[in-house]
Amino acid sequence: MIKIENLSKSYGDLEVLKNISVEINKGEVISIIGPSGCGKSTFIRCLNRLEEPTSGKIFIDGEEITGKNIKLHKLRMKMGMVFQSFNLFSHLTIIENIMLGPVNLLKMDRQTAYDEGMELLEMVGLGSKSLSYPDELSGGQKQRAAIARTLAMKPEIVLFDEPTSALDPRMTSEVLAVIKKLAADGLTMMIVTHEMKFAKNVSNRVFYMDEKGIYEDGTPEQIFENPKKQKTKEFIYKIKTLQKEISIKEFDLYALWAEIGTFLKNQLVDDKRIYKMSLLCEEILCNLLPEKLGKETEVLFSLSYSEEKDEAELAFQNPKIDKSFVDESENELPMKLICGYAKSIWCEDSTLHVTV
Amino acid sequence: MKYRILCLAAVAALVLLSGCSGGTKQEITYENLNSSDITLSVTQGTAADFAVSEKFPDTKIQYYSTIPDGCAAVKAGKTDGYSFDKVVLEYYAKKNPETVVIDESIGIVDICAAVAKENTGLCDKVNAFITQLRADGTLKEMEERWLNSENPQMPELEKPQNPVGTLRIVTEALTEPFTYYADGGNITGFDIEFGTRLAYAMNMDVSVESMTFEALVPALQTGKADIILNDLNETPERGENALFTEPYFTVDIGILVGADRYTPAISKLSLSKAEIDGRLKNAAVGAMTGTRGSTYIEDNYPNAQLMQFDSMGDAVAALQSGKVDYAICGMTKSLNYAKANDDISYIDYPLTEEGLAIAVKKGNTDLQNKINKCIEEYRKNGVLDDMKKRWIDETSNVYETADIPIHLDGEVLRVAVAANAEPLCFVYNNKISGHDCELIERIAYDLGMRVGYQDMSFSAEIAAVQSGKADVALSVVPTEERKKSVDFTEVYFNNPQTLITRKANNENMSFVEKVTAFFEDIKESFIGTFITEHRWKLILNGLGVTIALSVAAFIFATLWGAVLCMMGKSKKRFINGFARIYMRIVQGTPLLVILMLLYFVVFKGVDIPALAVAIIGFGLYDGAGLAGIFKTGIDSVDRGQIEAAEAIGFQKFDIFKKIVFPQAANHVFGLYKGAFVSLTKATSIVGYIAIQDLTKVSDIIRSRTYDAFFPIITTAVIYFIVTYILITLLSAAQQRLDPKKRKRTLKGVEAR
Ligand SMILES: Nc1ncnc2c1ncn2[C@@H]1O[C@H](COP(=O)(O)OP(=O)(O)O)[C@@H](O)[C@H]1O
Ligand SMILES: [Mg+2]
């Protein structure tokens, strides 16, 4: 359906995309992941030419859309786009936002546009908000409205650029639910996202972007479980693991809690477990380790979450830590508490492991 | 609302209070004017400016740009005196009894016309014309009409049949009686009659346009006008930029001072006929038995309480002691009583026409004709005027006599006189002299005779002539009755019946009287500003011009601002560069300068109405400001929304129309509204280029009523109301722009 040949894009001297060639088929739901600043947005914005590619060709249904003389607005009508910042028209009500395109561009009569618009609004769960203005809605509602606005144009493909990055987790899930439903209905979509779980569950194809191109292209299973290439591996590991050097003497417990909270929430870990995790960290870093190792030491802290095992794992690495560590202190108070919270606890290669 | 009323009340109280301030200040006399304690005001560059600095080197000088402002400053006690042409100041003093013009003149000023520097042809023509007008007595006649009569009217002049071109006069039209707006908004006055006569004499049509003083000379230089007629005198500076003709008139320079600080030799009271009628209705009036004055009161004021006295002196004594409120007698006598008695005021309204003539024996047509010829000649060559000045207008008791040669061997002309009528005929320096005596002595000389006076009582004069004891009798009013006994020559002097009264003394006014007087003043101001001469029409026209100009200019400014804003957004360097530089330059230049440049330079020699120039000027100027506002509005629209519209498939123009414009408009509407209001107020400067807007109209009215306070407040109030209405209308429009204030319904669909 979409064929891209040698697409390149530079901003002045800065080359962002280089010789990308890829083909996208009807019905595919493609997640685009990658470190920030690697050109994900640039890539999908080149597709509907909000950014002008520096070179290369794009074909839609065999028709080239990169030439000078093509009717740009006609192309865009076939390609919807959903933005990170919603971009609803703030002077129009939600239903007017939705009707604006169909009435003016598709020349639909107002009543039909209204009826279809209302249907879409109900589909995204905003039937009662049709006469509200955008700034009267929450972020999640705005994004759902924006999706409805895009769908109203009956696009053949919808491009999403980090649709949930500006939302907090609860709202994130309501938007993701809508997108999931669209995927189930067979709509062709390209989604730039940081929601790895969502990417894995919903899409049937994943682009990992890096080094100015699509670095690795594969099924979700392949990219997330068995990445083939080095950078992909690192990236996947990184998103699965939070790693930090911690000085026992002067670390900031509250900052660490916040980091742990955000990380686990992104992995869709429930609040109860996050709470336990926080208490464990406090007990280990403030009581257990200072007692055993003294205050003047540093440990390498890491936190990861495994979906299969549905288990979060904490690790503290320091040369002085050894097997005796757990056994010796079994009857001391901190260890008792720790054992109370933890699912399992063991030592291995100067590292203390705790799972929840 | 309550709060607003309170504010208004506070402002009104302030205005009232400001009218009640001031303490007693030093008495002013001509002698103590030259002192560093005194501040005299002038209008810069006028003849008075030079005269004051020359005559009073020690005095501090202050400047007021217009005559009404200077006069108003005197009235308000802001300055000790204001110097300008005496006739003009007298007009003011007449209408503002709080002020008087001092008796002395401090100089004279020659009034000339001015033409373009290189236009010597026209200058020569004007000079020749002035000589001609002076010779045939027309100038005299014009002076009589404009300066000495109650309600001067422009005479019907014969228009040329086939005019070649038009003589374009420019004038400020703020100087009554020389050049001013009369009833119906026409410019008239001495200068205008002069200009009209000049044009017709040159077989041309005439057009008169008014503009600000500062614009007059530029109008000549740029060919917008042919001649300035504006009570104008030549100064070295003006002489560099325009060519001045010979003077066509000469006036004294006087000083206006506060009435409470100056005691004139003659205390004069200016009343109109209507006011006199009102005052005399039931008043006690003294007169001398059997005089014309006595009859006049009897005939015209039957309800007045007429008291007859044997001599005029007794009548005056009765006036002084309060037995009567007014006394009536001939003008020369009235003036003398007022001159001699500090507590008596002369009311300068001529109640009757009383020509004085010379009586000759019935049938002595030879002598009658000879005398008539002499009088006619004296009238033409200014001798009569000169005599009047020296005898009648003299404010002291010291007269300047003329040395009339005598034919010692000539036949005696026996003249019957009653030498008790200063200044007509009285004993001065032990000699029978006076205005009438000088006249008859001149006549006698011209006829080769010498005068022999026979002093007798007035009632005997006619009998003396009738009986042949005397050849002529002086100072006689030719009544029908008297014409039966003797023949009369032409009238040589008009000595109307006038009134005198006790000087008003307002110092003891009670509070109630003061308040009443205050409201009386306001009522008068109101009538003067709106009713008299249908001035409300003038105001309405001015208001119309102001509104039309504001609206048209603002529409133009909006369009031009939109274009500029678009140019500023253009990617082409020279286009957005032009817009940027244009906005910088225009906004850094005073609006007035732009207006003048357009009018005098850009549209030089182009026949385009001044109003159109103003619309263009304001449009160009405010366009720059609006472009900035528009840019702010457009920049305020979120880029993301524009991108979203692009992504949906909208094209540029639609995006602007449906997304950018509605939001931008809502965002900057407050600024836009403010710009309109300030433009409306800024239009008040267009008087500079000959447009009669509201402000100009108020200047015109002020120049006529010499009422500083009322027209200004009136205009302020009108501007306030107009801008208030504009703001209200625009705010209503704003309500419709703001999405949040609209009704939440969707048009054209059947809602679920
Ligand atoms: N308009 C622009 N001008 C210059 N550089 C840009 C512009 N937009 C993006 N970039 C640069 O291009 C690179 C890719 O940006 P982007 O596509 O937004 O990354 P991502 O969406 O993957 O985070 C970044 O280095 C960014 O700084
Ligand atoms: Mg991005």
Side-chain angles (χ1 to χ4, degrees), chain A residues 45 47-51 71-93 95-106 109-115 117-119 121-122 127 130-136 146 149-150 152-153 155 158-159 161, chain B residues 571-573 629-673 731-752:
Chain A
R45 286 163 63 86
L47 295 187
N48 68 353
R49 289 185 54 193
L50 281 179
E51 300 291 349
K71 291 219 166 87
L72 196 56
H73 59 282
K74 287 260 153 57
L75 148 76
R76 285 175 177 166
M77 282 157 66
K78 289 198 250 175
M79 272 184 164
M81 185 162 212
V82 175
F83 301 84
Q84 177 178 347
S85 52
F86 329 126
N87 297 346
L88 290 170
F89 305 131
S90 55
H91 62 301
L92 299 177
T93 56
I95 186 68
E96 284 168 332
N97 261 278
I98 293 172
M99 288 166 64
L100 193 69
V103 169
N104 289 289
L105 299 174
L106 303 180
D109 70 78
R110 282 180 71 78
Q111 186 64 50
T112 319
Y114 174 78
D115 291 339
M118 286 306 288
E119 240 163 68
L121 272 182
E122 265 148 34
S130 64
L131 290 176
S132 301
Y133 283 95
D135 59 6
E136 294 162 352
R149 177 176 70 180
T150 307
M153 289 297 290
V158 179
L159 311 171
D161 190 358
Chain B
K571 298 229 163 55
K572 295 219 175 66
R573 277 265 306 271
I629 291 179
F630 294 161
K631 185 172 178 307
T632 310
I634 290 172
D635 289 350
S636 79
V637 179
D638 172 23
R639 264 285 330 146
Q641 292 185 29
I642 296 169
E643 236 167 38
E646 280 173 357
I648 291 176
F650 280 104
Q651 286 175 286
K652 271 207 164 115
F653 180 74
D654 272 345
I655 294 178
F656 181 78
K657 192 172 109 187
K658 295 194 187 311
I659 311 296
V660 177
F661 181 76
Q663 295 190 44
N666 186 29
H667 186 78
V668 295
F669 201 79
L671 294 174
Y672 186 70
K673 199 164 72 173
S731 299
Q734 187 175 18
Q735 296 274 316
R736 307 192 45 187
L737 274 181
D738 188 349
K740 290 289 166 52
K741 297 198 168 129
R742 282 194 312 236
K743 264 205 187 139
R744 299 206 179 191
T745 52
L746 204 52
K747 265 183 250 158
V749 298
E750 218 175 283
R752 301 192 172 187

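In what follows, chains carry the letters A, B, and so on, assigned in the order in which the sequence lines appear, proteins first and then strands, with residues in each chain numbered from 1. FYI, side chains are in, hydrogens and waters are out, and symmetry mates aren't considered; it's all heavy atoms of this structure.
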Contacting moiety of B/Q651, where chain A heavy atoms sit under 4.5 Å: side chain

Shortest non-hydrogen contact from B/R744 toward A/S132: NH1-CA, 3.7 Å

Smallest separation among heavy atoms of A/R76 and B/G649, with atom names: CB-CA, 4.0 Å

Structural part of A/Y133 lying under 4.5 Å from a heavy atom of chain B: both

Contacting region of A/D135 [heavy-atom separation from chain B under 4.5 Å]: side chain

Euclidean distance, B/D654 CG relative to A/L100 CG, rounded to 0.5 Å: 8.5 Å

Inter-residue atom distance A/L50.CG - B/I642.CD1, 0.5 Å rounding: 12.0 Å

B/K657 side, atom NZ; A/N104 side, atom CG - distance, nearest 0.5 Å: 7.5 Å

Test item: A/H91 side-chain N/O and B/F661 main-chain N/O as donor-acceptor pair under 3.5 Å: no

Residue pair B/A644 / A/F89: nearest heavy atoms and the distance that separates them: CB-CE2, 4.2 Å

Part of A/L131 within contact of chain B (heavy atom distance under 4.5 Å): both

Among the listed options A/L75, A/L88, A/L72, the residue most often paired with chain B at heavy-atom distances under 4.5 Å: A/L88

Which of A/M79, A/R149, A/R49, A/K78 touches chain B most, by non-hydrogen pairs under 4.5 Å: A/R149

Part of A/M77 within contact of chain B (heavy atom distance under 4.5 Å): both

Contact summary for A/N48 and B/A647, nearest pair of heavy atoms: ND2-CB, 4.0 Å

Heavy-atom donor-acceptor pair, A/Q111 side chain to B/E750 backbone, under 3.5 Å: yes

Portion of A/S130 that has a non-hydrogen atom of chain B nearer than 4.5 angstrom: neither

Sub-4.5 Å side-chain heavy-atom contact between B/V749 and A/I95: no

Under 4.5 Å from any heavy atom of chain B - which part of A/R45: side chain

Heavy-atom side-chain proximity of B/L746 to A/R110 below 4.5 angstrom: yes

